[in-house]
Amino acid sequence: MLQSTYTLSELALYLKESEKQVQKYAEQGIIQGRKVQGKWVFAAADVILLLEKMLNHPENEKSVVSVEKVVNQNVSQEDRENFSILDYLSEDSIIIPFSAKTTDSVIRKITAFAADIGKLWVPEDMAAAIRKREEMMSTAMENGVALLHPRRPLPDIIAETFLVLGIAPRGIPFGGGFNNLTDIFFMICCTNDKIHLRILARLGRILGQVAFLDQLRELESPAEIIELISVAESKIVSF
């Protein structure tokens with residue numbers, strides 16, 4: 001679990017950055033923080049948001065690997081090597097084709113699907129939390145992928161950590177500020193912040209692989225998608 005709050009020095013240690021660099025992030029608004037008696041204090045949710053921003057361009061391998069190294073602190077080498085997205089995504093949690101034409105219908109349909117397969121107990125609450133997160137900062141990326149999730153884990157309404165993947169036959173406007181359309185939607189529902197960040201980092205490394213998304217968009221069955229992800233993960237060196 002992450003700490004609930006961080007001082008400037010604690011956050012610098014966690015991010016493996018200099019205090020000067022972290023203070024620069026805060027002063028430029030790259031990470032939200034507040035001053036208490038003249039000293040910076042950062043909430044865990046804002047630390048997570050910073051790491052998510054760093055993952056917003058998965059083609060930047062250096063940045064994505066940097067985040068994975070941060071979130072894998074205190075994780076055993078064996079756990080790192082055995083970690084797999086496919087522990088949380090299976091054929092029955094893939095929607096293809098995913099028929100949604102608006103932001104709201106994407107969120108409503110993907111949460112309802114998770115409830116239908118027994119992963120999510122209160123889809124309305126998850127949908128509301130995801131909408132709130134999207135209003136704060138869109139999870140859509142320039143590559144046409146969105147990584148939907150609540151700002152903080154909601155362990156009381158999920159059976160276990162899981163992913164749902166929906167692939168639409170055509171893209172829709174989903175935000176992100178890139179003037180592009182989004183057609184691939186991962187919904188990430190986790191029991192705690194640590195696994196949430198590890199999944200985000202691993203997805204970033206998969207999505208950044210050359211030709212992965214082009215190949216994904218050509219597939220027509222969940223089985224083929226699982227195989228593609230398996231092959232992509234086999235190329236990743238754990239940090």
Find out if a path of hydrophobic residues (ILVMFWY) with successive side-chain heavy-atom gaps under 4.5 Å connects Leu181 to Val145.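 Different clusters: Leu181 never reaches Val145 through Ile, Leu, Val, Met, Phe, Trp or Tyr contacts under 4.5 Å.
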
Please determine whether residues Leu197 and Ile199 belong to a single hydrophobic cluster, defined as Ile, Leu, Val, Met, Phe, Trp and Tyr linked transitively by side-chain heavy-atom distances below 4.5 Å.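 Yes, it is one cluster - the side chains of Leu197 and Ile199 are joined through contacts under 4.5 Å.
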
State, yes or no, whether a side-chain contact exists between [X] and [Y] at a heavy-atom distance under 4.5 Å.
X: Ile236; Y: Gln209; value: yes
X: Met54; Y: Leu51; value: yes
X: Phe186; Y: Thr139; value: no
X: Leu207; Y: Ile184; value: no
X: Lys109; Y: Ser99; value: yes
X: Met126; Y: Trp121; value: no
X: Ile167; Y: Ile225; value: yes
X: Ile96; Y: Pro222; value: yes

Quick one, Val106 with Phe98, criterion side chain to side chain contact (heavy atoms under 4.5 Å, CB included). Give me CA distance, side-chain angles, the key distance, then yes/no. CA-CA 9 Å; Val106 166; Phe98 181 42; 4.0 Å; yes

How about [X] and [Y]: does a side-chain donor come under 3.5 Å of a side-chain acceptor?
X: Thr191; Y: Glu160; answer: no
X: Gln23; Y: Glu19; answer: no
X: Glu224; Y: Ser221; answer: yes

Can you confirm whether more than 12 heavy atoms, excluding those of [X], are under 6.0 Å from its [atom1] atom?
X: Glu220; atom1: CD; value: no
X: Asn82; atom1: CG; value: yes
X: Gln21; atom1: CD; value: yes
X: Gln73; atom1: CD; value: yes

Please step through side-chain hydrogen bond (donor to acceptor under 3.5 Å, both in side chains) for the pair Ser90 and Asp92, ending with a clear verdict. CA-CA 5 Å; Ser90 57; Asp92 67 357; 2.5 Å; yes

Check step by step if side chain to side chain contact (heavy atoms under 4.5 Å, CB included) holds for Lys119 and Met187. CA-CA 12 Å; Lys119 300 289 189 179; Met187 182 173 72; over 6 Å; no

Closest heavy-atom contact between [X] and [Y]?
X: Pro123; Y: Ala115; value: CG-CB, 3.8 Å
X: Asn143; Y: Arg217; value: O-NH2, 2.8 Å
X: Val64; Y: Gly204; value: CG1-C, 3.8 Å
X: Asp46; Y: Gln32; value: CB-O, 3.5 Å
X: Lys53; Y: Gly29; value: NZ-O, 3.9 Å
X: Glu218; Y: Asp214; value: CG-O, 3.3 Å

Dump the intermediate steps for side chain to side chain contact (heavy atoms under 4.5 Å, CB included) on Leu8 and Lys39, then the final yes or no. CA-CA 8 Å; Leu8 185 67; Lys39 296 183 179 181; over 6 Å; no

Between Arg80 and Glu68, is there a side-chain N and carboxylate O pair less than 4.0 Å apart?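 Looking at Arg80 and Glu68, the cut-off is not met.
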
Would Asp193 and Arg151 pass as an ion pair if we require N to O under 4.0 Å?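 Salt bridge absent between Asp193 and Arg151.
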
If you draw the axis of the six-membered ring of Phe83, does the NZ or CZ of Arg198 fall within 45° of it and under 6.0 Å from the ring centre?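 Pair Arg198/Phe83 counts as cation-pi.
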
Starting from the C-alpha separation in whole Å, work towards a yes-or-no answer on side chain to side chain contact (heavy atoms under 4.5 Å, CB included) for Asp125 and Asp156. CA-CA 11 Å; Asp125 287 358; Asp156 293 339; over 6 Å; no

Can you confirm if the aromatic rings of Phe185 and Phe174 lie within a centre distance of less than 6.0 Å?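 Yes; Phe185 has its ring centre under 6.0 Å from that of Phe174.
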
Just to verify, which of Leu148, Leu154, Ile188 counts as forming a side chain to side chain contact (heavy atoms under 4.5 Å, CB included) with Ile130?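 Result for side chain to side chain contact (heavy atoms under 4.5 Å, CB included) with Ile130: Leu148.
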
